[in-house]
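Just below is one structure, and these are the notes that go with it.
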Amino acid sequence: MSSLDIARSIAFSGLSATQVQISVASANISNADTKGYTEKTANQSSSVTSGVGTGVTISGITSAVDKLLLKSLVGADSDLGAADTNNNYLTELQQLYGSTSSGNSSTTGTSLANTIAAFESALSSLASTPSSASLQSNAVSALAAVTNQLQQTSNGIQKLRSNADQDIASSVTDINSDLQQISDLNKQIKQEAAAGQSTADLEDQRNSALQDLASQMNVSYFTTSSGDLQVYTGSGQALVDSTAHPLSYTALPSVTASTTYSAGSSSGFSGITVNGVDITSQISSGKVSALIALRDQTLPAAQSQLDELAQQLASSVNAVSNQGTSVPPPTSLTGTATVSNSTSFAGTGTVRIAVADKSGNLVSYQDIDLSAYSTVGALAAKINTIPGVSASVDANGHLSISATGSGIGIAINQMTSSVGGEGFSQYFGLNDLITGTSASNIAVRSDILSGTATLPTSTLDASSTLTVGNSVLSSGSATVVNALASALTGSTNFAMAGGLGATTGSFTDYAAAIVADVAGKASQASATYTSKQTAQSTYASSLSSQSGVNIDQESANLSALQNKYAAASQIITAINSMFSALMTAMSAA
């Protein structure tokens, strides 16, 4: 090969290599803002034939990604995914509890504490005129507002749990998509590498899929010598090896407070599985981890706090309402406790059961020594001996006491009675003002709420003897109303619930503590989100600085490459001129 041939080969190789480099630089500039794109470099090397340099060649197009920085970013993606989810859900949870009071008024806010304070205020007004129908109606409405808010908040909590369950299913779908994409890219990368083609762009796509996967759940990974990216759970369960291993999860159509997750159980929430193995406990970070914790821990804790408030409220209010009776007295009283005629009964003391007309005048009565009866059936039989009274255990298993004549009703004074530490009426729940066993079903008794019955604000005369025809119901007394107010504002023992320690205080105090606890968790979640967002952004910026596109630098490189291309073109022109001159000279000879 002549020297001119060698020179032309070198010039053409330089021109070809520069074309590739210009193309790569242009692609870098064009993709500077593309998420996950890393700066590409067209690597140039010398070409030697028989010991003689014959130009240059492009040995490959690569990108340099710092593996330690990428691993740190992947971990930060998981932390941010969890923090973002917690922040969003706890913000929604806080909103369920309403706003707190403003200024010096305890009733201007919409929180549970404010609603309870409004009920206290209604009772205070009623205490001045206990027989006022309008003030009684106001008090019932205020109590209904409390029970309704407890129900609505409870329903909201279970709705959030259901949303979290549905979001887990949605995230599992996204995870499976990422796993399949990584597996598909593994195959493409091996095929392109075997054909001598660049795999840099495919590796960018795979790293982006890895980061998206990490935001959903924590994973470990490594790249094999053959170029495969293998992905595992934190405990080593394969997610991507020679193929993708999709996750399985089925969300429930509805969620209640009793719905729970238990590993290996066929009831309640299902586990997240891979190849039949439950990996729920292996997911310790990322969006899915936060959703599991919210569904199974944080939100149930909030529910248990509400339930403690609801149960104590029902117990305290009913303890007072069972001391009283309404005027006119109700035609029948039906208990809430579940019993049967054969249910053992161990009561002490005396209870007074009376029949009175609409004005509260006595028709008949009897004082019953409870210690004389060992079963509920025997007690009911004794009550049946009172003139004008019928007592039985109904089909629902509740003790029912009714007046048998028209224009008359039943009144009870618990006197010295004690059954299981409670008065006779309270034990059977005969004159409960509140029904339900938790925040999810607490309510004002339906007949009182509808107005067909009135508040039990009166009391049956406790004198040693009563005279038929005399008034025995004191409709103007504020005794029961004041007792209700004292039950709300006095000291109540609240058990430990949902992270709140056992405490003693008023209902507004405990409700305020619940609201403050949720607000504190929401505030902490917001602070954690900000911190994790900053950390993730820092790692992302560091990786971008290390492997991202610097437009100024790429623009300068592109300008230099264009000059280089022009120079190579001029060399080829000069060589061609030399060839022409040589051919002319040889023809002349």
How many angstroms lie between [atom1] in [X] and [atom2] in [Y], if you round to the nearest 0.5 Å?
X	Y	atom1	atom2	answer
I514	L309	CD1	CG	4.5 Å
L150	Q311	CG	CD	11.0 Å
S285	K532	OG	NZ	8.0 Å
L430	T325	CG	OG1	11.0 Å
L466	L362	CG	CG	5.5 Å
T336	H398	OG1	NE2	6.5 Å

Without hydrogens or angle criteria, can the side chains of [X] and [Y] be said to hold a donor-acceptor pair below 3.5 Å?
X	Y	value
Q524	T528	yes
S235	T233	no
S531	T534	no

For side chain to side chain donor-acceptor pair (under 3.5 Å), just list the numbers for N114 and S111, CA-CA rounded to whole Å, side-chain angles, deciding distance to a tenth of an Å, and then say yes or no. CA-CA 5 Å; N114 298 128; S111 75; 2.9 Å; yes

By the definition side chain to side chain donor-acceptor pair (under 3.5 Å), identify the one residue from S78, S284, S289 that meets it with N218.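 With N218 as partner, side chain to side chain donor-acceptor pair (under 3.5 Å) holds for just one option, S284.
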
Apply the side chain to side chain contact (heavy atoms under 4.5 Å, CB included) test between L291 and each candidate in D165, T85, D296; give the one that qualifies.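 Among D165, T85, D296, the one that satisfies the side chain to side chain contact (heavy atoms under 4.5 Å, CB included) with L291 is T85.
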
How about F494 and F507: are their ring centres within less than 6.0 Å of each other?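 Between F507 and F494, which both carry aromatic rings, the centre distance is below 6.0 Å.
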
Does the side chain to side chain donor-acceptor pair (under 3.5 Å) test come out yes or no for Q312 and T492, once each step is laid out? CA-CA 8 Å; Q312 292 294 345; T492 298; 6.0 Å; no

Side chain to side chain donor-acceptor pair (under 3.5 Å) between S121 and S124, worked out: CA-CA 5 Å; S121 178; S124 178; over 6 Å; no

side-chain contact (heavy atoms from CB on, under 4.5 Å), that's the test. Do V255 and R295 meet it? Break it down for me. CA-CA 10 Å; V255 174; R295 184 196 67 185; over 6 Å; no

